[in-house]
Trainee: 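I'd like to ask some things about the structure below.
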Amino acid sequence: MESSILFLTSLLTKISFSSILNQDTVVALTVFFSLLCACIVIGHLLEENQWANESITALLLGLCAGFIVLLVSKGRSSRILIFSEDLFFIYLLPPIIFNAGFQVKKKQFFRNFSTILLFGVLGTLISFCVISLGAFSVLKRIGMDSLRLQDYLAVGAILSATDSVCTLQVLSQDKTPLLYSLVFGEGVVNDATSIVLFNAVQTLDLNSINAFLALKLFGTFLYLFLTSTALGMAVGLISAYIIKTLYFGRHSTDREVAVMMLMAYLSYMVAELLSLSGILTIFFCGIVMSHYTWHNVTESSRITTKHAFATISFIAETFIFLYVGMDALDIDKWKASHTSAGFSIAISLTLLALVLVGRAAFVFLLANIANYFKKRENAKVTLRQQFIIWWAGLMRGAVTIALTYNQFTGSGSTSTATEDRARMITCTIIIVLFSTVVFGSITKPMIDALLFQQSKPSNTDASELPSFEELHISLLEDGGPVDEGSQREFPRRGSLSLLISHPTTTVHYFWRKFDDRYMRPVFGGRGFVPFVPGSPTCAEEPPSQA
């Protein structure tokens, strides 16, 4: 009797388990979690290696795992190898971009904001034009006639999207703050611009292309940029006000952490719901939260959020490259292309050459234009730094693959796509693999060779050092600065003349005065101490100084 009861219990348990959990899902998650653990261990062992990083390790490990899956399935396609745009854009990308905004050095980022916008917007447009025209000229000649003009324009938008995820790993925010802020900041704006261009291409009326259409496209981007940024800042301020006013920390620090996480993710989803740029929204939400919200929570919540956001971001980054590596060996797309390996490599190298030319066409030009308007020599981007900015931005990643699938899959499946469209998918995958492994592995040694070999590396970028003008402006008060030796006042310069002669420093000075006088009393921030047990103190440093 007892054995029968045990047997029935075991049987019911198996039936319940199989009815609740899908076996394919369990297998897929088991494989990915095992690979994630392996990536962390291997990444730790290769920490001191200049030629390797977590993204390359995860990509190569994903390729090996995909190859093993193919062997086990005897060459048949497996569900575990299929790339999902929803998984990438909804679950994996938001925590990475948010943590980047949360941890970014705000002073360095906004000091170079004009250059970042110049690269991210105008630079992406230049790259888009070069790649689109080049792809149309070359691919037509080699017989890819089934592609439409919209497809060639989409290729320009797709291949103009840099991989900001890999940039986080190959550039150091501490060793090269200027390069990091320029390349990563450009990457965030670039991704948003590329997605705007890609969506515009889908609805473009090619029969009526004129100057008004180009102006309308620019107006659309400007609207999306401003509204997306404003939404992210608004959600960040609301979270700061709620946590400051309601004092969650007096009862539970878990609620503080939960509100920060959920409101950050909510900003991304609301942006997507309103057809805005979720990337820009959650990035600026992270910046505002680190400036205000983070200072309003208890000390334990500060430590928790700082490490929790970084950990989730790290896992998502590693998962993306594993996913891309395994998806590269999904056999359906390669069968549908009906293309020899040599021909695929030739097309991929041609498109990669267009990427190199398209990026070079704006990096060196726009960097020198930006240098022309900078008065201080140590704030200018040197030729060696321009070369590294060009090189580090050549990597293409999951955003490129996701947009490619969106454009070239037929009925949601690569197996039903035409030969040319399937060929574009496989060539894009080759470009992503090659650029991530080759360009990503060479970037760190190149930085050491070009920047740190001839001079001792410094932890502070030259542009961080205050100039005489910055010291002069920081002393400006109603009566102007006073010379202690002569006890006489220097004449005060007008705000407009200061803004024209030193725009960045002047804006930062007046922003700090406005922030201290109006924003922090309402939304909290550094220096604000709420009257609650276990409230945060000023002893701990924020993720990054404003």
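Keep in mind that the numbers below use all heavy atoms, side chains included, and drop hydrogens, waters and symmetry copies. What you are looking at is a predicted structure, and each value in this text was computed from that prediction instead of being measured.
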Trainee: Can you find a side-chain donor-acceptor pair between Lys380 and Tyr372 that sits under 3.5 Å?
Mentor: no

Trainee: By side chain to side chain contact (heavy atoms under 4.5 Å, CB included), which residues pair with Ser137, not counting sequence neighbours?
Mentor: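 So Ser137 forms no side chain to side chain contact (heavy atoms under 4.5 Å, CB included) with any residue.
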
Trainee: Using the side chain to side chain donor-acceptor pair (under 3.5 Å) rule, collect all pairs that involve residues 151-160, keeping only residues at least two apart or in two chains.
Mentor: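 Residue pairs with at least one partner in residues 151-160: Ser127-Ser160, Arg148-Asp151, Asp151-Gln407, Asp151-Arg421.
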
Trainee: Rounded to the nearest 0.5 Å, how far apart are OG of Ser267 and CG of Leu262?
Mentor: 11.0 Å

Trainee: Between Trp391 and Ile442, does a side-chain contact (heavy atoms from CB on, under 4.5 Å) hold up when you go through it step by step?
Mentor: CA-CA 9 Å; Trp391 183 270; Ile442 296 177; 4.0 Å; yes

Trainee: Can you find a pair of side-chain heavy atoms, one from Phe198 and one from Val399, that are under 4.5 Å apart?
Mentor: no

Trainee: Going by side chain to side chain contact (heavy atoms under 4.5 Å, CB included), Thr193 matches just one of Val189, Val196, Asp191. Which one?
Mentor: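 So, applying the side chain to side chain contact (heavy atoms under 4.5 Å, CB included) to Thr193 and each of Val189, Val196, Asp191, only Val189 qualifies.
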
Trainee: Under 3.5 Å, is there a donor-acceptor pair between the side chain of Asp330 and the main chain of Met326?
Mentor: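 No, because the side chain of Asp330 does not come within donor-acceptor range (under 3.5 Å) of the backbone of Met326.
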
Trainee: Any donor and acceptor pair, going by atom type alone, linking the side chain of Thr382 with main-chain N or O of Gln385 inside 3.5 Å?
Mentor: yes

Trainee: Excluding sequence neighbours, so at least two apart, what forms side chain to side chain donor-acceptor pair (under 3.5 Å) with Arg359?
Mentor: Glu186

Trainee: Taking all atoms of both residues into account, what is the closest heavy-atom pair of Gly393 and Thr162, and its distance?
Mentor: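 Where Gly393 meets Thr162 most closely, the heavy atoms are O-CG2, 3.2 Å.
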
Trainee: Which label fits Trp390 and Phe387: parallel for a plane angle under 30°, tilted from 30 to 60°, or perpendicular past 60°?
Mentor: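 Taking Phe387 first and then Trp390, their aromatic rings sit tilted (interplane angle of 30° to 60°).
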
Trainee: Under 4.5 Å between any side-chain heavy atoms of Phe128 and Ser132, yes or no?
Mentor: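 Yes, close enough: below the 4.5 Å cut-off.
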
Trainee: Kindly indicate whether the side chain of Asp163, heavy atoms from C-beta on, has any atom under 4.5 Å from the side chain of Arg396.
Mentor: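 Counting from C-beta outward, Asp163 and Arg396 never come under 4.5 Å.
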
Trainee: Supply the atom-to-atom distance Ile389 CD1 to Thr115 OG1, rounded to the nearest 0.5 angstrom.
Mentor: 8.5 Å

Trainee: Does Phe343 CZ have over 12 foreign heavy atoms under 6.0 Å away?
Mentor: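 Counting other residues, nucleotides and ligands, CZ of Phe343 exceeds 12 neighbours.
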
Trainee: Suppose we screen for side chain to side chain donor-acceptor pair (under 3.5 Å). Which residues come up paired with Ser313, at least two apart in sequence or across chains?
Mentor: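 Only Glu317 meet the side chain to side chain donor-acceptor pair (under 3.5 Å) criterion with Ser313.
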
Trainee: Does the side-chain contact (heavy atoms from CB on, under 4.5 Å) test come out yes or no for Ser239 and Met289, once each step is laid out?
Mentor: CA-CA 8 Å; Ser239 70; Met289 278 192 174; 3.4 Å; yes

Trainee: Rounded to the nearest 0.5 Å, what's the gap from CG on Leu383 to CG on Leu450? Could you check?
Mentor: 9.5 Å

Trainee: Hey, are the side chains of Leu139 and Thr350 touching, using non-hydrogen atoms and a 4.5 Å cut-off?
Mentor: no

Trainee: Take the angle between the ring planes of Phe110 and Phe284 and call it parallel below 30°, perpendicular above 60°, tilted in between.
Mentor: tilted

Trainee: For a quick check under 3.5 Å, do Ser290 and Lys106 share a side-chain donor-acceptor pair by atom type?
Mentor: yes

Trainee: Atom CD1 in Ile279, atom CD1 in Ile97: separation rounded to 0.5 Å?
Mentor: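 Result: 6.0 Å between the selected atoms.
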
Trainee: If you look only at pairs with a residue in residues 170-189, which of them pass as a ring pair (Phe, Tyr, Trp, His ring centres under 6.0 Å), with sequence neighbours excluded?
Mentor: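 Of all non-adjacent pairs touching residues 170-189, those that pass ring pair (Phe, Tyr, Trp, His ring centres under 6.0 Å) are Tyr180-Phe184, Phe184-Phe283.
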
Trainee: Kindly compute the distance separating CD1 (Ile96) from CD1 (Ile282), expressed to the nearest 0.5 Å.
Mentor: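 Here the rounded value is 10.5 Å.
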
Trainee: Within a strict 4.5 Å, meaning less than it, do heavy atoms of the Asn99 and Ile312 side chains meet?
Mentor: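 No, too far: nothing below the 4.5 Å cut-off.
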
Trainee: Got more than 12 heavy atoms from elsewhere within 6.0 Å of CE, Met233?
Mentor: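 Not buried by this count: 12 neighbours or fewer within 6.0 Å.
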
Trainee: For the pair Tyr323 (side chain) and Ser84 (backbone), establish whether a donor and an acceptor sit closer than 3.5 Å, ignoring hydrogens and angles.
Mentor: yes

Trainee: Could you pull out the closest heavy-atom pair between Leu352 and Ile431, with the gap in Å?
Mentor: CD1-CG2, 4.0 Å

Trainee: Which is it for Val235 and Leu266 under the side-chain contact (heavy atoms from CB on, under 4.5 Å) test, yes or no, and what are the steps along the way?
Mentor: CA-CA 8 Å; Val235 174; Leu266 179 64; 5.6 Å; no

Trainee: Taking side chain as C-beta onward, heavy atoms only, is Thr318 less than 4.5 Å from Ile40?
Mentor: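 Sidechains of Ile40 and Thr318: no contact.
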
Trainee: To the nearest 0.5 Å, what is the distance between CG (Leu153) and CD1 (Ile158)?
Mentor: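 Nearest 0.5 Å value for the CG-CD1 distance: 11.0 Å.
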
Trainee: Of all the heavy-atom pairs spanning Thr281 and Ser228, show the shortest one and how long it is.
Mentor: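 For Thr281 and Ser228, the tightest heavy-atom pair comes out as OG1-O, 3.0 Å.
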
Trainee: Applying the ring-ring contact (aromatic ring centres under 6.0 Å, His included) test to Phe309, which of Phe102, Phe314, Tyr265 qualifies?
Mentor: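 Checked Phe102, Phe314, Tyr265 against Phe309; only one passes ring-ring contact (aromatic ring centres under 6.0 Å, His included): Phe102.
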
Trainee: What is the minimum heavy-atom distance between Ser441 and Pro445, and which atoms define it?
Mentor: O-CD, 3.3 Å

Trainee: Compare all side-chain heavy atoms of Leu322 with those of Cys39 and state whether any distance is below 4.5 angstrom.
Mentor: yes

Trainee: Just to verify, which of Thr436, Ile429, Ile430 counts as forming a side chain to side chain contact (heavy atoms under 4.5 Å, CB included) with Val432?
Mentor: Thr436

Trainee: Considering non-hydrogen atoms only, spot the tightest contact between Gln150 and Val201 and give its length.
Mentor: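 Closest approach of Gln150 to Val201: NE2-O, 3.2 Å.
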
Trainee: Return the set of residues passing side chain to side chain donor-acceptor pair (under 3.5 Å) with Asn406 (not counting sequence neighbours), or none when no residue passes.
Mentor: Glu85

Trainee: Would you check, one step at a time, whether the test side-chain contact (heavy atoms from CB on, under 4.5 Å) holds for Val69 with Leu329?
Mentor: CA-CA 9 Å; Val69 170; Leu329 292 178; over 6 Å; no

Trainee: Is the shortest heavy-atom distance from the side chain of Phe439 to the side chain of Leu356 under 4.5 Å?
Mentor: yes

Trainee: When you measure from the side chain of Trp334 to the backbone N and O of Ala328, does any donor-acceptor pair fall under 3.5 Å?
Mentor: yes

Trainee: At their closest point, which heavy atom of Lys333 faces which heavy atom of Thr426, and how far apart are they?
Mentor: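 The pair with the smallest heavy-atom distance is O-CG2, 3.6 Å.
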
Trainee: Taking the ring centre of each residue, are Phe98 and Tyr268 less than 6.0 Å apart?
Mentor: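 Centroid separation for Phe98 and Tyr268: 6.0 Å or greater.
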
